[in-house]
Undergrad: 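Next up is a structure, given as structure tokens.
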Amino acid sequence: MLHKRNIQKVTVLGSGVMGSRIACLFAGIGVQVLLLDIAAPEGKDSKSKNKLVNDALAAAVKSSPSPLYTKENLQKITTGNFEDNMKDIAECDWIIEVVIERLDIKKKIFEQVEKFRKPGTLVTSNTSGIPIHLMAEERSDDFKKHFCGTHFFNPPRYLRLLEIIPTEFTDKEVVDFLMHYGDLFLGKTTVLCKDTPAFIANRIGVFSIMSIFHIMDKLELNIDEIEALTGTIIGRPKSATFRTADVVGIDTLVKVAIGVKENCPDDEAKEIFTIPSWLQKMVDNKWLGDKTGQGFFKKIKTADGQKEILTLDLKSFEYAPRQKPKFATIETAKPVEDLKQRIKALSQGRDKAGEFYRLFHYALFSYISHRIPEISDDLYRIDDAMKAGFGWEIGAFETWDVLGVKETVEAMNQNGYEVAKWVKDFIADGYTSFYKVENGKRLYYDVSTKKYLPIPGGDAFIILSDLTEKTVWKNSACNLYDLGNDVVGLTWNTKMGSIGGEVLEGLNKSIAIAEEKYKGLVIANEAAQFSAGANIAMMFMLAVEQEYDELDMAVRMFQNSTMRIRYSSIPVVVAPHGLTLGGGCEICLHADKVQAAAETYIGLVEVGVGLIPGGGGTKEFALRASDAIQHNEPETIPLQNRFITIGTARVSTSAVEAYELGILRQGVDEISMNQSRRIAEAKQSVIDLYDRGYSQPVQRTDIKVLGREGLGMLYAGINGMYRGNYISDYDVKIAKKLAYVMCGGDLSQATLVNEQYLLNLEREAFLSLCGEKKTLERLQSVLKTGKPVRN
């Protein structure tokens with residue numbers, strides 16, 4: 001049934017913050033979008049009538065981070081107004097309503113929609129608070145059959161949750177289609193929800209925030225302390241609790257909380273949704289967060305023009321400079337890399353922080369246990385919704401498993417927290433965890449059948465951390481897993497995915513094993529980022545101690561490893577996501593194919609730390625410039641463009657933009673819209689390459705470099721940048737070294753050279769820069785502050 005629907009054109013009704021960004025999301029995947037809103041009251045012609053919608057779209061496009069993968073996507077969006085253009089929805093395959101959260105207005109809009117939509121067209125609402133079935137009242141049977149809630153989270157490009165909320169009238173085919181389309185084409189974690197207040201993610205997420213407010217009052221903690229306790233340390237976003245509230249809007253948070261309290265009379269914890277007096281005072285003061293310029297935090301300019309963020313003191317209601325809280329529990333747990341082990345350590349703390357974590361988890365576990373089957377029949381859906389909608393790295397039931405279900409329930413009983421009956425039965429039946437892995441497949445405990453079942457749709461995903469039983473080889477940084485179908489997968493677990501000696505050992509060993517026994521190799525990981533590049537702490541140490549032989553060996557090893565990726569006898573496919581910088585980018589540049597997540601931020605950033613790409617990246621850009629020249633592009637343009645990309649340390653803002661930067665190759669490299677699918681899709685690419693008769697590539701000897709002609713042109717550009725005060729003296733030095741390598745050195749005329757010739761030039765330039773004081777200053781600055789110094 002699924003393939004029968006083809007979404008070519010979508011209408012979005014309402015161009016507010018969400019509507020305009022949903023329009024951008026669809027445009028980003030190549031769908032034509034009609035974005036409509038009310039006609040401007042003073043409008044006489046179509047241009048002035050569309051002022052509202054055009055202004056809203058322009059504001060969305062200007063916002064940061066961008067809702068578009070690339071500016072070209074904007075051409076897919078046509079704007080209009082409800083008066084003149086409602087008739088045009090007849091040509092659309094899916095109509096999404098995103099107007100103001102008022103049932104009467106929504107019903108009026110749907111009355112208009114019914115006049116013009118062709119039968120069978122999907123109609124969905126992005127409401128977060130109004131029951132879906134109420135909106136479908138008084139509509140025709142065909143409308144009701146094709147009507148459903150599709151709740152996107154803001155910003156829709158970056159938050160991966162899409163809640164699908166059918167009514168009793170919604171056709172099953174429509175629900176199946178939306179679950180599938182959202183996952184495959186929009187790249188979302190699609191979660192099937194019941195039509196209950198706030199659905200799944202906001203119900204649990206807002207409970208979690210409100211419960212933190214109450215625990216904070218009880219333990220007499222302040223805002224800065226809560227932010228330190230509830231951010232990345234427990235696998236939650238950096239925006240923790242109060243910053244998240246400021247971004248979402250304090251009025252929105254309060255509205256959802258009041259909605260749950262009023263509309264869920266049987267919620268055993270509904271008192272938690274009572275608004276504390278200090279929160280009500282903020283709403284009365286119109287201190288609603290980012291949208292009003294102040295909330296729990298306020299950004300000010302100091303006397304010397306610096307920006308400073310102040311925190312609200314909830315007792316005095318004055319803003320004061322932020323404090324860095326100190327908790328012994330956090331200091332102890334911080335060095336623990338593994339999140340599950342870290343959460344265990346935090347929950348065992350004997351100070352106020354440990355007390356906070358225990359109370360927080362008891363309240364959360366009690367609450368989620370009682371929400372089944374009210375908001376969902378399946379516990380994995382609750383975890384999926386929280387991970388994709390609120391950016392939790394680990395779901396609530398997964399956390400419960402980590403802390404021990406039985407042990408935690410005993411502690412909860414002692415502290416007056418009650419769990420639902422099904423959890424007591426679960427423990428009585430001798431079960432110990434909500435999830436388990438069998439034969440590399442993840443199973444969840446199904447409450448209704450009291451059995452473990454595979455997570456539906458799990459076949460489309462490969463979760464590396466579930467494959468520990470299928471380890472082929474490992475060292476302390478890397479694991480090589482058997483992915484099935486004669487394909488192996490390499491992953492590493494270093495901080496920020498940094499690449500040092502052990503990762504390079506893992507790369508070479510994995511290729512050797514794959515060449516001997518398998519069809520090919522996938523390189524990927526499941527951390528927050530793919531790789532922030534080479535281990536610069538090691539490089540800095542060697543450079544400071546002037547261990548140039550060691551450094552030379554390290555650079556050779558990196559170059560040999562990337563060349564091994566390129567020239568192995570088996571296909572190697574790399575599946576990056578998130579930050580893919582420096583050495584991480586160089587690994588991608590040498591793969592047979594890259595299967596990138598749509599949200600991949602990739603680039604060669606070495607110039608920022610006073611170096612040039614030294615793991616084959618500079619060589620590869622020179623080679624690609626040469627290939628572009630062979631395809632009749634004017635000689636200097638491909639070289640100039642690629643020189644600028646490296647010289648300005650450009651990083652793509654999406655995988656789509658990586659094509660424009662020449663990092664991904666059109667017709668070779670592909671994008672996975674859904675990050676969770678990329679490893680499975682990379683594995684399929686390995687099989688396809690092998691089955692087509694993969695043959696080992698031969699090293700290139702036909703790379704055309706321009707020598708002095710290219711140098712003259714690039715040096716002129718560098719001098720222009722310097723005279724315009726865009727770059728410093730030292731930037732000039734680095735840029736000239738980069739130009740020298742990309743032009744093949746000081747050759748009197750254009751010459752054909754081989755790869756090793758360019759690699760040698762690249763390595764020499766890299767090593768000479770390692771000996772420069774200003775490079776060491778830049779490296780040190782990055783190690784200390786995370787930012788390079790301009791010197």
Side-chain angles (χ1 to χ4, degrees), residues 304-306 532-534 536-548 551-552 554-555 581-583 585-586 603-615 617-619 621-622 625 636-637 639-651 661 705-747 758-791:
D304 57 357
Q306 297 295 310
I536 64 169
M538 180 196 76
M539 288 192 323
F540 178 69
M541 204 175 66
L542 293 174
V544 165
E545 291 169 5
Q546 300 187 352
E547 298 276 6
Y548 293 119
L551 256 175
D552 181 58
V555 181
L581 306 177
C585 177
E586 288 173 312
L604 296 164
V605 294
E606 288 82 352
V607 167
V609 290
L611 296 165
I612 69 164
T618 308
K619 174 272 300 178
F621 261 43
T636 52
I637 290 173
L639 179 67
Q640 211 169 0
N641 290 347
R642 285 177 168 80
F643 171 78
I644 289 168
T645 298
I646 300 181
T648 55
R650 282 272 311 265
V651 176
L661 297 181
V705 290
L706 300 180
R708 283 178 197 163
E709 179 200 341
L711 278 174
M713 183 260 309
L714 294 181
Y715 281 6
I718 295 166
N719 290 334
M721 293 284 283
Y722 178 64
R723 280 201 306 277
N725 268 340
Y726 294 109
I727 56 175
S728 67
D729 285 353
Y730 194 57
D731 292 326
V732 171
K733 182 166 200 164
I734 303 162
K736 286 187 169 174
K737 295 248 182 206
L738 175 65
Y740 188 83
V741 178
M742 291 187 78
C743 295
D746 185 18
L747 302 169
L758 287 172
L759 286 171
N760 292 345
L761 285 182
E762 174 188 278
R763 193 176 65 257
E764 285 159 20
F766 185 92
L767 291 170
S768 73
L769 287 166
C770 282
E772 296 278 351
K773 181 171 171 285
K774 290 196 170 177
T775 289
L776 296 181
E777 285 168 6
R778 289 189 184 191
L779 286 168
Q780 187 174 25
S781 170
V782 167
L783 289 170
K784 265 193 176 162
T785 67
K787 292 190 175 81
V789 67
R790 302 299 303 143
N791 57 2

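Just so it is clear, the structure is predicted and the values come from calculations on it, not from any experiment.
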Undergrad: Check whether Glu606 reaches the backbone of Leu611 with its side chain - one donor and one acceptor, N or O, closer than 3.5 Å.
TA: no
Undergrad: Which atom names give the shortest non-hydrogen contact between Ile727 and Ile718, and what distance separates them?
TA: CD1-O, 3.7 Å
Undergrad: What distance do Thr648 atom OG1 and Met721 atom CE have between them, rounded to the nearest 0.5 Å?
TA: 7.5 Å
Undergrad: Taking atom OH as the centre, does Tyr722 end up with more than 12 heavy-atom neighbours from other residues, nucleotides or ligands that are less than 6.0 angstrom away?
TA: no
Undergrad: Does Glu777 reach the side chain of Tyr730, with side-chain heavy atoms less than 4.5 Å apart?
TA: no
Undergrad: First locate atom CD of Gln780, then atom CZ of Phe540, and finally report the distance between them rounded to the nearest 0.5 Å.
TA: 4.0 Å
Undergrad: Should Leu738 and Leu714 count as side-chain neighbours, where that means a heavy-atom distance under 4.5 Å?
TA: no
Undergrad: If we only count heavy atoms from C-beta on, is the Glu772 to Lys733 side-chain gap below 4.5 Å?
TA: yes
Undergrad: On a heavy-atom basis, which atom in Phe621 and which in Arg642 lie closest, and how many Å separate them?
TA: O-CD, 3.3 Å
Undergrad: Looking at every non-hydrogen atom in both residues, tell me the closest pair between Ser781 and Val789 and how far apart they are.
TA: OG-N, 3.4 Å
Undergrad: What's the shortest heavy-atom distance between Asp746 and Tyr740, and which atoms?
TA: N-CE1, 3.6 Å
Undergrad: Indicate the atoms forming the closest heavy-atom contact of Glu762 with Ile612, along with that distance.
TA: O-CD1, 4.0 Å
Undergrad: Using side-chain contact (heavy atoms from CB on, under 4.5 Å), reason through Asp731 and Lys774 one step at a time and then give a plain yes or no.
TA: CA-CA 10 Å; Asp731 292 326; Lys774 290 196 170 177; over 6 Å; no
Undergrad: Check whether Arg763 reaches the backbone of Val555 with its side chain - one donor and one acceptor, N or O, closer than 3.5 Å.
TA: no
Undergrad: Quick one: pull up CD1 in Ile644 and CG in Leu639 and give me the separation to the nearest 0.5 Å.
TA: 9.5 Å
Undergrad: Restricting to non-hydrogen atoms, name the atom on Gly710 and the atom on Cys743 that form the minimum distance, rounded to 0.1 Å.
TA: C-SG, 3.5 Å
Undergrad: Going from CE on Met742 to NZ on Lys619, what distance comes out if it is rounded to the nearest 0.5 angstrom?
TA: 12.0 Å
Undergrad: Looking only at atom types and distance, does a side-chain atom of Thr645 sit under 3.5 Å from a main-chain N or O of Arg650, one as donor and one as acceptor?
TA: no
Undergrad: Nearest 0.5 Å, please: how far is CG in Leu551 from CD in Gln546?
TA: 10.5 Å
Undergrad: Nearest 0.5 Å, please: how far is OG1 in Thr618 from CD1 in Ile646?
TA: 4.5 Å
